[in-house]
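Residue numbering restarts at 1 for every chain, and letters A, B, ... go by the order of the sequence lines.
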Amino acid sequence: MSYITVKDLSVGYDGVAVEKNINFTVEKGNYLCIVGENGSGKTTLMKTLLGLRSPLSGQIEYGDGLKKNEMGYLPQQTVVQKDFPASVKEIVMSGFEGSAGLRPFYTKAEKEEAAANMERMGISDLAGRFYRELSGGQQQRVLLARALCATKKILLLDEPVSGLDPLVTAQMYELIAGLNKDGVTIIMISHDIEAAVKYASHILHIGSDIFFGSKNEYLKSSAAKGFLATEKGGEN
Amino acid sequence: MLFEKLALYMQYPFVRYALIVGVLIALCSSLLGVTLVLKRFSFIGDGLSHVAFGAMAVATVAGLSNDMLIIMPITVLSAILLLKNGQNARIKGDAAIAMISVGALAFGYLLMNLFSTSSNVSGDVCSTLFGSTSILTLTKEEVALCIILSIVVLLIFILFYNKIFAVTFDENFAKATGVKADGYNLLIAVTIAVIIVLAMNLVGSLLISALIIFPSLSAMRIFKSFKSVTVCSALLSVFCAFFGIIISIVAGTPVGSTIVAMDAAVFAVCYIIGIIKY
Ligand SMILES: Nc1ncnc2c1ncn2[C@@H]1O[C@H](COP(=O)(O)OP(=O)(O)O)[C@@H](O)[C@H]1O
Ligand SMILES: [Mg+2]
């Protein structure tokens with residue numbers, strides 16, 4: 001049984017499909033990259049996987065000990081968050097709310113785990129700082145630490161490096177690769193096809209033609225050829 | 001001299017009641033103000049205050065001995081509807097809220113004009129909109145009800161503080177990791193409705209939004225964590241309500257507008273501090 005099995009899934013809004021016939025599986029320990037043009041429905045698919053939207057048709061099955069509400073999430077940043085008054089600690093701790101049920105306050109064990117997760121993301125020195133004063137890369141690390149407080153099983157990342165400069169982007173990719181090495185399953189939406197090919201174990205390409213397979217299979221496929229060409233062309 | 005005068009006023013029960021009620025209402029309304037502003041839910045506060053005015057008109061016309069019996073359920077129900085509406089269709093939702101709130105205002109005024117038995121209709125309307133002197137004529141029972149509801153609101157806020165933060169900062173993340181965000185949104189909306197009904201006595205329905213929103217906007221100019229913003233906004237709100245009421249009694253100004261004027265002045269000060277500090 002896989003962590004996630006997606007069968008003939010259609011996703012979209014108000015009954016109108018953005019993308020149809022999506023099929024793929026995610027095994028424990030995989031690093032899946034979702035690539036595709038802007039507006040092809042990557043974010044919509046991720047929200048459907050998380051249970052934030054319901055599928056228009058088809059099935060999503062969760063297995064191998066993974067429950068639907070055990071998925072960590074790094075959203076595309078919203079405008080609201082940019083100037084939200086919150087300390088780093090407040091945000092990281094809020095990752096525990098999902099498992100807290102009706103318990104009003106955090107436990108000592110949770111506080112220690114939050115500290116450990118901040119250590120792991122290299123942001124221990126930022127604990128007392130305020131979110132809106134941090135750089136983009138630091139903010140992403142804070143949100144990653146929060147996601148780790150929610151779960152260590154799987155993280156879904158929606159364009160985690162958008163808006164970061166090249167050096168910070170490279171560090172971010174290494175950080176994510178490190179988590180994957182430690183056993184955290186990763187599903188990442190990315191524009192950056194080169195990074196996808198470098199780090200991912202599997203690729204899901206959505207758009208006019210859908211491809212799913214291992215990285216090596218992807219490089220040989222026709223979906224990749226067209227996309228790689230346009231991406232390269234777009235950069236020049 | 002001033003203190004002697006104050007001490008003299010404090011001997012009157014109606015002054016003590018007004019201060020207790022005013023401070024409690026100011027405290028409750030400022031707490032959820034932070035969430036309302038950050039979630040871009042301010043429109044709910046505004047819409048609800050107009051609905052509450054309409055409900056008050058209905059209650060007045062129906063000649064009920066206890067207005068709360070009508071006002072509270074109508075306002076709470078509207079809070080739930082407005083929330084659902086605002087979430088489903090952002091743009092259309094805004095128009096619907098404008099329609100409901102202006103409609104409720106017009107309907108309320110019409111009712112009061114057509115059916116009111118009072119000889120001074122425009123005086124009545126004016127005091128429901130801008131707050132009456134009724135805060136100075138509170139009965140023991142009204143004070144007790146206000147204290148009880150305020151304690152309930154405070155308890156809800158403290159017990160759900162961490163969840164309110166999680167849902168306010170990032171609703172999608174909260175939902176994805178298993179927080180019952182829709183339930184907490186509902187809790188927030190219903191609590192706001194209760195606060196608005198309570199606050200109507202103090203500042204009148206047109207000025208309630210100011211009571212809810214000003215203190216948190218002021219606090220956000222100066223502080224940068226959720227907790228410090230919340231605490232500061234509560235303190236500012238209580239400060240403004242306390243001295244607003246005192247000033248209004250000493251100077252004979254309308255209670256509601258005096259408090260809101262205090263809030264606005266404090267906001268101006270915080271705005272300047274914010275600019276100087278950063
Ligand atoms: N809330 C929404 N309601 C209706 N349509 C939407 C909504 N969000 C996105 N869309 C549409 O769905 C399509 C896919 O969007 P999205 O999943 O964000 O694409 P991607 O993340 O791949 O860039 C786009 O055409 C977009 O306009
Ligand atoms: Mg997207």
Using the six-membered ring wherever Trp is involved, compare the ring planes of A/Phe84 and B/Phe169 and label them parallel, tilted or perpendicular (cut-offs 30° and 60°).
->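 The arrangement is perpendicular - the two ring planes meet at more than 60°.
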Answer yes or no: does atom [atom1] of [X] have more than 12 heavy-atom neighbours from other residues, nucleotides or ligands under 6.0 Å?
| X | atom1 | result |
| --- | --- | --- |
| A/Lys28 | NZ | no |
| B/Lys227 | NZ | no |
| A/Tyr13 | OH | yes |

Toward chain A, the part of [X] with a non-hydrogen atom under 4.5 Å:
| X | result |
| --- | --- |
| B/Ala174 | neither |
| B/Phe223 | backbone |
| B/Lys180 | neither |

If you round to the nearest 0.5 Å, how far is [atom2] of [Y] from [atom1] of [X]?
| X | Y | atom1 | atom2 | result |
| --- | --- | --- | --- | --- |
| B/Glu171 | A/Leu52 | CD | CG | 9.0 Å |
| B/Ser225 | A/Arg132 | OG | CZ | 10.0 Å |
| B/Thr177 | A/Tyr73 | OG1 | OH | 11.5 Å |
| B/Asn172 | A/Gln76 | CG | CD | 11.0 Å |

Region of [X] in contact with chain B, defined by heavy-atom distances below 4.5 Å:
| X | answer |
| --- | --- |
| A/Arg103 | backbone |
| A/Tyr131 | side chain |
| A/Lys67 | neither |

For the residue pair [X] and [Y], establish whether any side-chain heavy-atom pair is separated by less than 4.5 Å.
| X | Y | value |
| --- | --- | --- |
| A/Ile91 | B/Phe165 | yes |
| B/Phe173 | A/Leu50 | no |
| A/Leu102 | B/Phe160 | yes |

Among B/Asn162, B/Val179, B/Val167, which has the most heavy-atom pairs under 4.5 Å with chain A?
->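 Of B/Asn162, B/Val179, B/Val167, B/Asn162 has the most heavy-atom pairs under 4.5 Å with chain A.
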Does any N or O in the side chain of A/Lys68 come within less than 3.5 Å of the main-chain N or O of B/Gly178, such that one atom is a donor and the other an acceptor?
->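 No; zero donor-acceptor contacts below 3.5 Å.
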Chain A-proximal positions within residues 145-156 of chain B [heavy-atom distance under 4.5 Å] |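 Result: none.
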